[in-house]
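Written below as structure tokens is the structure these notes are about.
Just so you know, ligand 1 is whichever comes first in the structure, and atom 1 is the first atom listed for that ligand. All residue numbers refer to positions in the sequence shown, counting from 1.
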Amino acid sequence: MEGSPQQQVKENHWADLHLHSNHSDGVFTPQEIVALAAKLNLRAISIVDHDDVGGIVAAINEGRRLHVEIIPGVELSTHGETFEVHILGYFIDHRNAKILDYLAFFRQERYKRALKILEKLRKLGISLQVERVLQKAGPGSIGRPHIADAMLEEGYVYSFDEAFHKYIGNGRPAYVPKFKTSPEKAIELINSLGGLAFLAHPGIDLRREEVLRLTKIGLDGIETVHPKHNPEKIHWLKQVATQYELLESGGSDCHGNRKGHILMGNYNISYALVERMKETLQKRRTDSPLRRGAE
Ligand code: AMP
Ligand code: FE
Ligand code: FE
Ligand code: ZN
């Protein structure tokens with residue numbers, strides 16, 4: 001976390017580049033997120049829905065109205081050596097057919113996976129209607145949090161977290177992994193959309209060796225600031241970024257107020273990091289022979 005909340009409000013030099021809307025497993029609409037960002041005096045935000053870009057246009061329009069800069073982004077699910085690896089894409093062309101096709105496919109895979117999870121739950125005595133879960137997912141890609149919401153609503157668990165701990169969390173009896181794709185493929189896709197690829201929350205469950213391996217596969221940067229990174233982790237990740245000449249990103253990974261508290265506004269990064277991203281993109285564009293040829 002950088003600076004006190006008072007400083008953040010006064011200077012208006014802050015950004016939160018990790019937010020989820022109701023287009024994936026967040027609670028707020030893109031418009032509500034932008035309104036909150038304006039209230040918190042954030043200069044720039046990025047809504048990085050899990051495997052979904054459906055909220056970006058609404059966010060950009062509302063951002064124009066409320067003077068909040070919206071960086072088009074996405075958080076792609078991939079598989080690492082042991083755990084899932086999430087890759088963040090920033091400044092992507094969110095209208096590009098390549099990403100729309102890929103996400104349509106992934107969405108279908110997520111739906112099939114949800115059916116498998118419901119089947120496993122049924123065998124454990126928990127009977128949920130798929131329509132109910134789809135309703136929870138709303139306009140976006142379906143995920144385990146929507147199943148947890150439905151379980152809670154039907155009284156099968158006492159809390160959202162209990163649903164994960166007992167049933168659908170990693171390695172639990174009703175767990176089903178997502179379609180397997182590699183971090184390398186996600187990075188390639190983000191690059192082809194003209195965006196920058198970042199490793200999301202490397203400090204949560206990835207081993208240090210895996211983080212170091214991932215720094216060498218074409219990432220542009222790593223996420224250093226995240227609510228689940230303690231100060232030592234942030235310190236180590238900043239060192240890694242410097243050593244391997246990687247950009248830094250960060251944010252609150254806010255999913256709204258499902259659990260009561262709203263994380264947004266408490267894990268901001270300096271807007272200077274956004275400027276560094278833009279400089280990198282600018283340099284890449286001027287350096288590209290293809291681009292030069294076209295001009
Ligand atoms: P999915 O993309 O369907 O695998 O769902 C992943 C999302 O579920 C994460 O982004 C979190 O929002 C949430 N999640 C994962 N594990 C847990 C957990 N143990 N407790 C609470 N929420 C979790
Ligand atoms: Fe999530
Ligand atoms: Fe993530
Ligand atoms: Zn996230």
Could you check whether Arg258 pairs with Asp25 (Lys NZ or Arg NE/NH1/NH2 to Asp/Glu carboxylate O, under 4.0 Å)?
no
If I take every N, O or S atom of His50, is at least one of them less than 2.8 Å from the Fe ion (ligand 2)?
yes
With rounding to 10 degrees, His18 NE2, the Zn ion (ligand 4) and Glu75 OE1 define an angle of 90°
For ligand 1, run through the N/O pairs with the protein that fall under 3.5 Å and put one pair on each line.
from: ligand 1; atom 1: 2 (O); to: Arg110; atom 2: NH1; distance (Å): 3.3
from: ligand 1; atom 1: 2 (O); to: Arg110; atom 2: NH2; distance (Å): 3.0
from: ligand 1; atom 1: 2 (O); to: Lys178; atom 2: NZ; distance (Å): 2.7
from: ligand 1; atom 1: 3 (O); to: Arg110; atom 2: NH1; distance (Å): 3.3
from: ligand 1; atom 1: 3 (O); to: Arg113; atom 2: NH1; distance (Å): 2.9
from: ligand 1; atom 1: 3 (O); to: Arg144; atom 2: N; distance (Å): 2.7
from: ligand 1; atom 1: 4 (O); to: Arg113; atom 2: NH2; distance (Å): 3.0
from: ligand 1; atom 1: 4 (O); to: Arg144; atom 2: NE; distance (Å): 2.9
from: ligand 1; atom 1: 4 (O); to: Arg144; atom 2: NH2; distance (Å): 3.0
from: ligand 1; atom 1: 4 (O); to: Lys178; atom 2: NZ; distance (Å): 3.3
from: ligand 1; atom 1: 10 (O); to: His50; atom 2: NE2; distance (Å): 3.1
from: ligand 1; atom 1: 12 (O); to: Asp25; atom 2: OD2; distance (Å): 3.1
from: ligand 1; atom 1: 12 (O); to: His255; atom 2: NE2; distance (Å): 3.2

Are Glu119 and Lys116 ion-paired here, with the side-chain N under 4.0 Å from a carboxylate O?
no
Would you check, one step at a time, whether the test ring pair (Phe, Tyr, Trp, His ring centres under 6.0 Å) holds for Tyr167 with Tyr156?
CA-CA 11 Å; Tyr167 300 103; Tyr156 286 113; 8.4 Å; no
N/O/S atom name from Asp25 that is nearest to the position of the Fe ion (ligand 2)
OD2
Under a 3.5 Å threshold, yes or no: a donor from one side chain and an acceptor from the other, between Arg43 and Asn268?
no
Is it true that Arg107 and Asp52 have a side-chain N and a carboxylate O under 4.0 angstrom from each other?
yes
Please state the angle at the Zn ion (ligand 4) spanned by OD1 of Asp253 and NE2 of His20: what is it, rounded to 10 degrees?
80°
Check this for me, if you would: do Glu275 and Lys278 make a salt bridge, where the nitrogen-to-carboxylate-oxygen distance has to be below 4.0 angstrom?
no
Using the side chain to side chain contact (heavy atoms under 4.5 Å, CB included) definition, which of the options His86, His229, Lys233 pairs with Pro202?
His229
Please enumerate all residues that pass side chain to side chain donor-acceptor pair (under 3.5 Å) together with Lys178, with sequence neighbours excluded.
Ser77, Glu84
